[in-house]
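Written below as structure tokens is the structure these notes are about.
For the single chain, residues carry numbers from 1 onward in sequence order.
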Amino acid sequence: EMRARVDSTHSIITSRQRVEATVTAEISTMRLDMGDIQEALKAHDAWMEDVSQSLQEVHERCEYLNMEISGVNQNFQAKLDAKTDIASWNDMNDDIDASIRTV
């Protein structure tokens, strides 16, 4: 009977050792996975910073281009406003022609 108890105890200890080894291996794998996840998160954070910086630069360029477009529009309108009206030009030429004929 004592031998049976010793064998039973030995079997339980061996079984627990196998379970402990399996659990240890699982924990080790989980730690490696956690390390991979942390690295992926760091890479994602760096990517997000790059994207944020790029978006900020694009926003600044858009503001600059809007100012440039506004300036071009103002210059174009000023040139249009300074342009001689063809009807007025013809009237003035007709008046000059009439004055020359009377002289």
Under a plain distance cut-off of 3.5 Å, with no hydrogens placed, do Asp81 and Gln77 share a side-chain donor-acceptor pair? yes
Scan side-chain atoms only and decide if Glu49 and Gln53 contain a donor-acceptor pair under the 3.5 Å cut-off.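 Note: Glu49 and Gln53 side chains miss the donor-acceptor criterion.
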From [X] atom [atom1] to [Y] atom [atom2], the distance as rounded to the nearest 0.5 Å:
{"X": "Ser52", "Y": "Asp45", "atom1": "OG", "atom2": "CG", "value": "12.0 Å"}
{"X": "Asp33", "Y": "Met30", "atom1": "CG", "atom2": "CE", "value": "8.5 Å"}
{"X": "Ile86", "Y": "Asn90", "atom1": "CD1", "atom2": "CG", "value": "5.0 Å"}
{"X": "Asp95", "Y": "Ile100", "atom1": "CG", "atom2": "CD1", "value": "11.0 Å"}

Worked check of side-chain contact (heavy atoms from CB on, under 4.5 Å) between Asn66 and Ser70: CA-CA 6 Å; Asn66 282 335; Ser70 177; over 6 Å; no
Return all side-chain donor-acceptor pairs below 3.5 angstrom for residues 8-17, not counting sequence neighbours, or 'none' if the list is empty.
unit_1 : atom_1 : unit_2 : atom_2 : d
Thr9   : OG1    : Arg5   : O      : 2.8
Thr14  : OG1    : His10  : O      : 2.8

Please list, chain by chain and in numerical order, all residues satisfying salt bridge (charged side-chain N to carboxylate O under 4.0 Å, His left out) with Lys42, sequence neighbours excluded. Glu39
The criterion is salt bridge (charged side-chain N to carboxylate O under 4.0 Å, His left out); which residues satisfy it with Glu68, sequence neighbours excluded? none
Result block: side-chain N/O donor-acceptor pairs under 3.5 angstrom for residues 20-27, not counting sequence neighbours:
unit_1 : atom_1 : unit_2 : atom_2 : d
Thr22  : OG1    : Arg18  : O      : 2.9
Thr24  : OG1    : Glu20  : O      : 2.8

Please identify each residue that fulfils side chain to side chain contact (heavy atoms under 4.5 Å, CB included) with His59, with sequence neighbours left out. Glu63
Fellow cluster residues of Leu55, listed by chain then number, with links counted only when side-chain atoms sit under 4.5 Å apart: Trp47, Met48, Val51
